[in-house]
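This report refers to the structure that appears directly beneath it.
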Amino acid sequence: MSEQDDDQREFDLRWADQAEHKEPSARARMLAARWKENPPEPVPFRGDPEHAGPRRSSWVSTAIVLGCVAAVILLLGYARFQAPY
């Protein structure tokens, strides 16, 4: 009986794929309704970020990361030194 169900399901999928008209998704309908009243303004493909601050140089970032790693190692070493056995 499961083989018959598989055949029926394949028929349903083929039938659905061959449909002349496919209804748009809810999001597509919502955007179409919104844009009909208020169309979006054109934007460049990759616009400049508006809130981008000054970038740090790579050596400053490296120094910050290495400093954090060293601090964690020292903290763990101190905690293990203080722990009673």
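Any value given below was found using the heavy atoms of this structure, including those in side chains, with hydrogens, waters and symmetry copies removed.
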Please report, to 0.1 Å, the donor-acceptor pairs under 3.5 Å made by any side chain of residues 26-33, with sequence neighbours excluded.
unit_1, atom_1, unit_2, atom_2, d
Arg29, NH1, Glu23, OE2, 3.0
Arg29, NH1, Pro24, O, 2.8

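There is no path of hydrophobic side-chain contacts, each under 4.5 Å, that joins Ile64 to Val69.
Distance check, rounded to the nearest 0.5 Å: OG of Ser61 to CG of Leu66 gives 11.0 Å.
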